[in-house]
Colleague: 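Sharing a structure with you now.
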Amino acid sequence: MGGFDHLEFNTTPTEALYTPTPKAHSEQARALRRAGYFEKALPVYRQAIGMNDHNYDAWTEYIDTLVRANHLDEADTFSKTALSNYRRVHQFYAARALVLSYQGDFNAAQTHVQTAMNQTAAYPYCVYAEILLRESLSFRSEALDALQTALNTSEERWEPCFLGGCILLNAKLPALAAGYFSEAVHVAPHAAAGLLFLGDSFAALRLYDQAQFYYQKVVELEPDHAVALERQRSTVPLLYGLTRVFRRENLRTRWNKEFEKR
C-alpha cells in the first residue's frame, strides 16, 4: 500500500513526552504511527523491539509500518525473522501474510493469514481483507465482511478503521474508504493521518470542496504540513476550474450510491 512514506511533518510534538523505557518506546512509536509519522516511527519501533524482543505488538506494528512506508525488503526480512523466532505467535503469521501479498504470492499469504485468523484479534482480518482486494476486486464483499469482523473484534477502533480506509482507498474504492476514515476521525479527531486520507478519499471522488475541508483540518493541527498544503494547492484549480465534468450535486449522489454498495 504505497503512499504512506510522504506523511512526514517538520515537527513531532509527541517527542517532547518521550521517556526511554521499553513501554515508552512502544507507546511513542504507536503515537507517531497514528499521527502519520511513519518514517519516524520505524527507528522507535526498532528500539522498542531491541529492549524487549517479546513485545509482539511492536514487532507486528513495525512490520506493518514497513509495508505502509514501502520498505518491502526490510518487511520481508523482519517478517521472516519474527516468524522463525516465534512460531507460536499467531499475529506474526498475519504480518508475514501481508508481506507475501505485496510480493504477489497470494496462495502463501492465504495460508499464513488463515492460521492467524484462528485467534480472536482484529489485525489478521484486516490483512485478510487486504489480501482479497489485492488479488481481485471480485472479492470485495468478502473483504468488507472481514473488515467488519475486525471492527467487531477490536476493543480499540482507530487502527482497524484507519487500516480499513487505507486498504479500500488503495483498492480504488474511495467512497467506502471515506466511511472508514470518517469513523477513524470520529474516534481520534486529532490524528492527522486519518484526516489527510479522508481528504484524499473525497479528492478521488472529485468532491474537492470536501477534500479541501479535511486538508485544512490537517493544516490546523500541523501548520507546516507540506503534504496537506500541497494537496490544497493542487485541488484549488479542480474546485473552481472549467475541467469539472460533474456538478457537485451529482457527485454527492454518486458518492452516496457507492458508499451503500456491498
Side-chain angles (χ1 to χ4, degrees), residues 1-4 6-7 30-31 33-38 60-61 64-65 67-69 94-95 97-98 101-102 113 117 121-208 210-215 217-218 221 227-228 231 251-252 254-262:
M1 188 182 304
F4 287 87
H6 64 236
L7 287 178
R30 188 171 294 119
R33 174 181 164 93
R34 179 175 291 202
Y37 303 98
F38 280 73
T60 305
E61 292 168 19
D64 188 271
T65 305
V67 173
R68 311 298 167 192
L98 179 67
S101 72
Y102 273 74
V113 80
M117 286 169 62
Y123 182 67
Y125 290 95
C126 291
V127 172
Y128 179 54
E130 186 158 8
I131 292 169
L132 289 171
L133 290 174
R134 288 186 67 81
E135 187 171 2
S136 173
L137 288 179
S138 66
F139 297 127
R140 169 171 143 165
S141 179
E142 293 89 339
L144 291 174
D145 287 341
L147 289 175
Q148 187 59 54
T149 300
L151 287 174
N152 294 341
T153 302
S154 178
E155 295 180 359
E156 197 281 317
R157 291 179 63 84
W158 189 87
E159 187 75 13
C161 286
F162 180 69
L163 282 178
C166 294
I167 291 164
L168 292 164
L169 184 59
N170 203 50
K172 302 188 186 307
L173 298 170
L176 295 173
Y180 276 83
F181 286 129
S182 294
E183 182 62 19
V185 170
H186 176 74
V187 172
H190 299 293
L195 290 163
L196 181 67
F197 280 92
L198 183 54
D200 285 352
S201 298
F202 283 109
L205 288 161
R206 288 183 281 186
L207 292 171
Y208 301 114
Q210 291 294 317
Q212 284 276 357
F213 174 82
Y214 289 109
Y215 295 148
K217 288 298 181 184
V218 177
L221 288 174
V227 175
R231 293 282 201 279
L251 286 168
R252 293 189 191 282
R254 174 178 148 211
W255 182 81
N256 289 331
K257 287 181 178 178
E258 286 294 322
F259 182 70
E260 292 299 326
K261 285 183 180 179
R262 284 286 294 184

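Numbering starts at 1 and runs along the sequence shown.
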Colleague: Considering only heavy atoms from C-beta outward, does the side chain of Pro174 approach that of Phe202 to under 4.5 Å?
Modeller: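 Not touching, per the 4.5 Å side-chain cut-off.
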Colleague: With side chain to side chain contact (heavy atoms under 4.5 Å, CB included) as the test, would you mind laying out the steps for Val187 and Glu183 before giving the verdict?
Modeller: CA-CA 6 Å; Val187 172; Glu183 182 62 19; 3.9 Å; yes
Colleague: Please answer whether the main-chain N or O of Phe197 pairs with a side-chain N or O of Tyr214 as donor and acceptor at a distance below 3.5 Å.
Modeller: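 Side chain of Tyr214 to backbone of Phe197, a donor-acceptor pair under 3.5 Å: no, none is there.
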Colleague: Write down the atom of Ala178, the atom of Leu198, and the distance for their closest heavy-atom approach.
Modeller: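 Closest heavy-atom pair between Ala178 and Leu198: O-CD1, 3.5 Å.
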Colleague: How about Arg134 and Asn170: do any of their side-chain heavy atoms sit closer than 4.5 Å?
Modeller: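 Side-chain contact under 4.5 Å: yes.
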Colleague: I need the minimum non-hydrogen distance between Tyr102 and Glu130, along with the two atoms involved.
Modeller: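 Shortest heavy-atom separation between Tyr102 and Glu130 comes out as OH-OE2, 2.6 Å.
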Colleague: How many angstroms lie between CZ in Arg231 and CG in Leu196, if you round to the nearest 0.5 Å?
Modeller: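 Answer rounded to 0.5 Å: 5.5 Å.
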Colleague: Roughly how far, to the nearest 0.5 Å, is the CZ atom of Arg33 from the CZ atom of Phe162?
Modeller: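 Going from the CZ atom of Phe162 to the CZ atom of Arg33 covers 7.5 Å.
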Colleague: Flag the pair Asn152 / Tyr125 as yes when at least one side-chain heavy-atom distance between them is below 4.5 Å, and no otherwise.
Modeller: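 When only atoms from C-beta onward are counted, Tyr125 and Asn152 do not touch, as no gap falls below 4.5 Å.
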Colleague: Do you know which two heavy atoms are closest between Gly165 and Ala177, and how far apart they sit?
Modeller: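 Taking every non-hydrogen atom into account, O-CB, 3.4 Å.
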Colleague: I'd like to know if the side chain of Thr153 and the backbone of Thr149 have a donor-acceptor N/O pair within less than 3.5 Å.
Modeller: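 Yes, because the side chain of Thr153 sits within donor-acceptor range (under 3.5 Å) of the backbone of Thr149.
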Colleague: One thing to verify: whether Glu159 and Arg30 come together as a salt bridge, which I'm taking to mean a side-chain N less than 4.0 angstrom from a carboxylate O.
Modeller: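 Looking at Glu159 together with Arg30, the answer is no, because their closest N to O distance does not fall below 4.0 Å.
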Colleague: How far apart are the closest heavy atoms of Ala97 and Val127, and which atoms are they?
Modeller: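 So the two residues come closest at CB-CG1, 4.1 Å.
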Colleague: Can you tell me how far the CD atom of Glu135 sits from the OG atom of Ser101, to the nearest 0.5 Å?
Modeller: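 Spacing of CD (Glu135) from OG (Ser101) equals 10.0 Å.
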Colleague: Just one of Val113, Ile131, Val67 clears the side-chain contact (heavy atoms from CB on, under 4.5 Å) bar with Leu98, so which one?
Modeller: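 Per the side-chain contact (heavy atoms from CB on, under 4.5 Å) rule, the option paired with Leu98 is Val67, out of Val113, Ile131, Val67.
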Colleague: Are Tyr123 and Asp64 packed together at the side-chain level, in the sense that at least one heavy-atom pair is separated by less than 4.5 angstrom?
Modeller: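 The answer is yes; the side chains approach within 4.5 Å.
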Colleague: Would you mind reporting whether Lys172 and Leu137 have side-chain heavy atoms less than 4.5 Å apart?
Modeller: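 Side chain of Leu137 against side chain of Lys172, heavy atoms only: no contact under 4.5 Å found.
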Colleague: Identify the heavy atoms of Ala143 and Leu132 that sit nearest to each other, and give their distance.
Modeller: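 Scanning both residues, the minimum pair turns out to be N-CD1, 3.7 Å.
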Colleague: Give, for atom CG of Leu173 and atom CG of Leu144, the distance between the pair rounded to the nearest 0.5 Å.
Modeller: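 The CG atom of Leu173 sits 7.5 Å away from the CG atom of Leu144.
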Colleague: Among Leu147, Val185, Leu151, find the residue that satisfies the side-chain contact (heavy atoms from CB on, under 4.5 Å) test when tested with Cys161.
Modeller: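 Looking at Leu147, Val185, Leu151, the match for Cys161 under the side-chain contact (heavy atoms from CB on, under 4.5 Å) is Leu151.
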Colleague: Can you give me the closest heavy-atom contact between Ala191 and Trp158, atom names plus distance?
Modeller: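 Of all heavy-atom pairs spanning Ala191 and Trp158, the closest is CB-NE1, 3.8 Å.
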